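Written below as structure tokens is the structure these notes are about.
Fair warning: this is a prediction, and the values are worked out from it, not measured in the lab.
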Amino acid sequence: MSDVIKLLPDSVANQIAAGEVIQRPASVIKELVENAVDAGATCIKIILRDAGKTLIQVIDNGCGMSDTDARLAFERHATSKIRQAADLFELHTMGFRGEALPSIAAVAQIELRTMRRCDRIGSHLEIAASKFESQTPEACAPGTNLMVKNLFFNFPARRKFLKKDSIELSHIMHEFERLALVNPNLEFRLTHNDVTLHQLLPGSLKQRIASLFGKSLDKQLIPVDTHTPLVKISGFVSLPGNARKRNALQYFFVNGRNMRHPYFHKAVVSCYEELIAADQQPNYFLNFEVDPQTIDVNIHPTKSEIKFENEQPIWQILQAAIRESLGKFNAVPSIDFDNADAPDIPAFDPDATADHGLNIDPEYNPFATRPSAFNSGKITPVTQPSSAMRWERAQKDATSDWDKLYANFKSAATDDPDCYNPFGDTATEQYNPAQPHSAVPTDSIQPPTEIPSVLNTSQMEISGFNSHYPADEISAGKGIMQVASRYILTPAAGGILVIDRQRAHMKVLFERFMAMGKENTGETQQVLFPETVTLSPSQHVILESIKDETATVGFNLTYRAENVWEITGIPSSLGKLNPKDLLLKMIESVETGIGEGAAETADAIHRHVAAAMARSAAVRPGDIFSGAEAEHLLASLFALPNPNYTPDGQKIMYLMSIQQLAANL
């Protein structure tokens, strides 16, 4: 039998690597911009066509490459960043693997123009699907101009699964924001389909934040700055009053590199535990400077996951630095020790006469309104008859009130023949509230004659249920019962049907919103005071693409300036929901949920918009839900063609069969 293990060709190996490194156009931009930063560029221009599907062009004024380097750069594991394994722990550059350019060349058509400043003529290189086509000398500007054309042209299935242009552009904007924030000293320009989206000049981190996300954010941030032998932390965090339920801006950088770190994120959030609501998140832009030998960036091909050697001490330093900044800017409640209005307490003088400043009548008797003493069980008359008379009258009235109370109690028990009396008729006639219950004969206790049905009753004193759930967690209507303010129980053929109330409501609302969209019948309620929504650039792109779909469900939106939108009309079925939160949730749902290919239709977008609205408007566990509302919900649910699953595939109901009940009882 011949040998079966073979060495893969470089072209195949590059395509395999591209599956990890190059996932979408945003991945290409990340790799090319990081190469430009490593090349010492001070100005980086990004030009896009069709959200990067047709063209991604990155132009920089860096050091450029020679003819040999330009050709060798597209070979796998060819890099100028490291020479030996020990260099992995002394990294000061963004790239080091030597996989980005060959991976891009494996799935696209490449055209490269580059020249060093010391050369008089540059080089023009063309590659397609890892196949070298040509390299010729050409006059060009110093630096590098690299064009990536027709991404995934040789992978039709992969290209088909790219999302809509607006969604891909949103991912590009997210990546651009991270690259621009970590390099505030560089000039960036982003152009899409001949429209300039960003033109950022060099400046400080705070200026870069304001340029990307709006000047209003400038007043919401407080600085964080601490220096220790382990780490230097600098950047900004938001004031507690500016925390967000959605669209929180949260960025970590380490040694000029973007990173995701859930452990440090938890440290930041813990500083706001007593300052913001549980469903809110603070904004933060924090940069860590550590010894490169104490971190490992060689974890994932995207180089966004980083391990720290001194993770726990840095957690404590980060937490202390943020709390100190919050305290300095009065973001944390504190005790006011100001003694400007404190009373003047004089020094003690033993010879001074006490002066209380009060004129006290020596004949005043504070106990004149009631008997002053008891003598052998008899009340001694007081000197003021009117007071004694009032005291005796009060005692007499109190006694008569108790008699009236017991009289009503006895008459209610004896006049109503259907009133259940646990002590029997004899005990009722001779009932004394001061007498202990042991004096009542036990044979006079009569149990109820009938046990009510579990599923057909409005009386909730049901044996076996109240022992497990408080009384306020069980309610019933005609033929149904609600348990734990979440589930609806109703009899069905062959057993008991258990229905998740929230999921059922979500399904009904989803179908209703879908019908409104198809018929364009979404009713709009005009608001008296329009609400302003400030979006990030990536969210602005998403909202522009779904504006028509939001109108079909009842939203009226007006664009103002600099990613600022105004809500002038809301869906009439919105209820008490916050329209701003719902709009942000719709954008998030569309951004993360849509993606079955470039041929997505308005119906697909509308489906995700309707799902976001239904998810937000559905009843929550614990909400008050009357029996009539539960009956109406079940009627609406069972009228649908497919009532078993929510729009995202979760089960709505479960049938507990008679066999299951018998096996467990």
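By the 4.5 Å heavy-atom criterion applied to side chains, F213 and N283 are not counted as neighbours. Inter-residue side-chain proximity for L101 and E31 is flagged as unmet; no heavy-atom pair is nearer than 4.5 Å. For the pair F176 and V33, the minimum side-chain heavy-atom distance is 4.5 Å or more. Residues F236 and S325 form no side-chain contact, since every pair of their non-hydrogen atoms from C-beta on lies 4.5 Å or further apart. At least one side-chain heavy atom of Q250 sits under 4.5 Å from a side-chain heavy atom of P282. In this structure the side chain of I172 never reaches within 4.5 angstrom of the side chain of V541, judged on heavy atoms. At a threshold of 4.5 Å between non-hydrogen side-chain atoms, the residues N644 and N642 count as touching. Taking the side chain as every heavy atom from C-beta outward, S636 and H632 approach each other to under 4.5 Å.
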Check: Would K160 and F152 count as a side chain to side chain contact (heavy atoms under 4.5 Å, CB included) if you check the C-alpha gap in whole Å, the side-chain angles of each, and the deciding distance to 0.1 Å?
Finding: CA-CA 9 Å; K160 178 183 177 182; F152 300 127; over 6 Å; no

Next item on the list: Show the numbers, then the answer: is there a side chain to side chain contact (heavy atoms under 4.5 Å, CB included) between L318 and L286?
Entry: CA-CA 10 Å; L318 174 62; L286 296 172; 3.8 Å; yes

Notebook entry, point to check: Between Y251 and F285, does a ring pair (Phe, Tyr, Trp, His ring centres under 6.0 Å) hold up when you go through it step by step?
Noted result: CA-CA 5 Å; Y251 297 91; F285 307 84; 5.6 Å; yes

Notebook entry, point to check: Going through the checks in order, is the side chain to side chain contact (heavy atoms under 4.5 Å, CB included) test met by F510 and T646?
Noted result: CA-CA 9 Å; F510 171 77; T646 62; over 6 Å; no

Note to self: One pair to check against side chain to side chain contact (heavy atoms under 4.5 Å, CB included): F638 and I499. What are the steps and the verdict?
What the structure shows: CA-CA 11 Å; F638 292 126; I499 300 168; 4.0 Å; yes

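A donor-acceptor pair under 3.5 Å is formed between the side chain of T568 and the backbone N or O of N556. The closest donor-acceptor contact from the side chain of N287 to the backbone of S234 lies at 3.5 Å or more, if one exists at all. Checked by atom type and distance alone, the side chain of R501 never pairs as donor or acceptor with a backbone atom of P621 at under 3.5 Å. When atom types are taken as modelled, the side chain of D623 and the backbone of R620 share a donor-acceptor pair closer than 3.5 angstrom. Remark: side-chain polar atoms of S170 are not paired, donor with acceptor, to backbone N or O of S166 under 3.5 angstrom. Using a distance-only test at 3.5 Å, with no hydrogens or angles considered, no donor-acceptor pair links the side chain of Q199 to the main chain of R189.
Atoms CG and CG, from L200 and L212 in turn, are 5.0 Å apart once rounded to the nearest 0.5 Å. With rounding to the nearest 0.5 angstrom, the CD atom of E177 is 12.0 Å from the OG atom of S211. Atom CG of L634 is separated from atom CD1 of I488 by 4.5 Å, given to the nearest 0.5 angstrom. A distance of 7.5 Å separates CD1 of I322 from CG of L326, quoted to the nearest 0.5 Å. Distance check: R503 CZ to H505 NE2 gives 15.5 Å after rounding to the nearest 0.5 Å. Interatomic distance, CD1 of I570 versus NZ of K580, reported as 14.5 Å (0.5 Å rounding).
Listed by chain and residue number, E566 satisfy the salt bridge (charged side-chain N to carboxylate O under 4.0 Å, His left out) test with R560 (two or more places apart in sequence, or in another chain). The ring pair (Phe, Tyr, Trp, His ring centres under 6.0 Å) search around H171 returns none, not counting sequence neighbours. When the side chain to side chain contact (heavy atoms under 4.5 Å, CB included) test is applied to P202, the partners found at least two apart in sequence or on another chain are E187. For the salt bridge (charged side-chain N to carboxylate O under 4.0 Å, His left out) test, residues two or more places apart in sequence or in another chain that qualify with R486 are D500. Considering only residues two or more places apart in sequence or on other chains, N150 meets the side chain to side chain donor-acceptor pair (under 3.5 Å) condition with Q109. Checked against side chain to side chain contact (heavy atoms under 4.5 Å, CB included), D279 has the following partners two or more places apart in sequence or in another chain: K245, A277. Annotation: side chain to side chain donor-acceptor pair (under 3.5 Å) contacts of R244 (sequence neighbours excluded): none. The salt bridge (charged side-chain N to carboxylate O under 4.0 Å, His left out) check on E511 picks up K507, with sequence neighbours excluded. Legend: residues meeting salt bridge (charged side-chain N to carboxylate O under 4.0 Å, His left out) with D648, ordered by chain and number and at least two apart, are absent. Residues passing the ring pair (Phe, Tyr, Trp, His ring centres under 6.0 Å) test with F253, sequence neighbours excluded: none.
E175 and R178 are joined by a salt bridge, as a carboxylate oxygen and a charged side-chain nitrogen come within less than 4.0 angstrom of each other.
Heavy atoms only, all atoms of each residue included: A51 and E168 are closest at CB-CB, 3.9 Å. When all heavy atoms of P223 and F329 are compared, the closest pair comes out as CD-CZ, 3.6 Å. Closest approach of G235 and L205 over heavy atoms only: CA-CD2, 4.2 Å. The minimum heavy-atom distance linking K206 with L221 is given by the pair NZ-O, 4.2 Å. For L201 against R208, the heavy-atom pair with the smallest separation is O-NH2, 3.0 Å. Contact between L239 and K219 at its shortest, heavy atoms only, is CD1-O, 4.1 Å.
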Which side-chain N or O atoms in residues 263-273 pair as donor and acceptor under 3.5 Å with protein atoms at least two apart or in another chain?
| residue | atom | partner | partner atom | Å |
| --- | --- | --- | --- | --- |
| H265 | ND1 | Y284 | OH | 2.8 |
| S270 | OG | K266 | O | 3.4 |
| S270 | OG | A267 | O | 2.6 |
| S270 | OG | Q319 | NE2 | 2.6 |
| Y272 | OH | S238 | O | 2.6 |

Output a table of donor-acceptor pairs, distance under 3.5 Å, between side-chain atoms of residues 525-539 and any protein atom two or more places apart or on a different chain; print 'none' if there are none.
| residue | atom | partner | partner atom | Å |
| --- | --- | --- | --- | --- |
| S536 | OG | S538 | OG | 3.1 |
| S536 | OG | Q539 | N | 3.4 |
| S536 | OG | Q539 | OE1 | 3.4 |
| S538 | OG | H174 | NE2 | 3.2 |
| Q539 | OE1 | N247 | ND2 | 2.9 |
| Q539 | OE1 | S536 | N | 3.3 |
| Q539 | NE2 | N247 | OD1 | 3.2 |

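In summary, of the residues considered (T191, N193, L190), a side-chain contact (heavy atoms from CB on, under 4.5 Å) with L48 occurs for L190 alone. Under the salt bridge (charged side-chain N to carboxylate O under 4.0 Å, His left out) test applied with D165, the options R24, R49, K53 reduce to a single match, K53.
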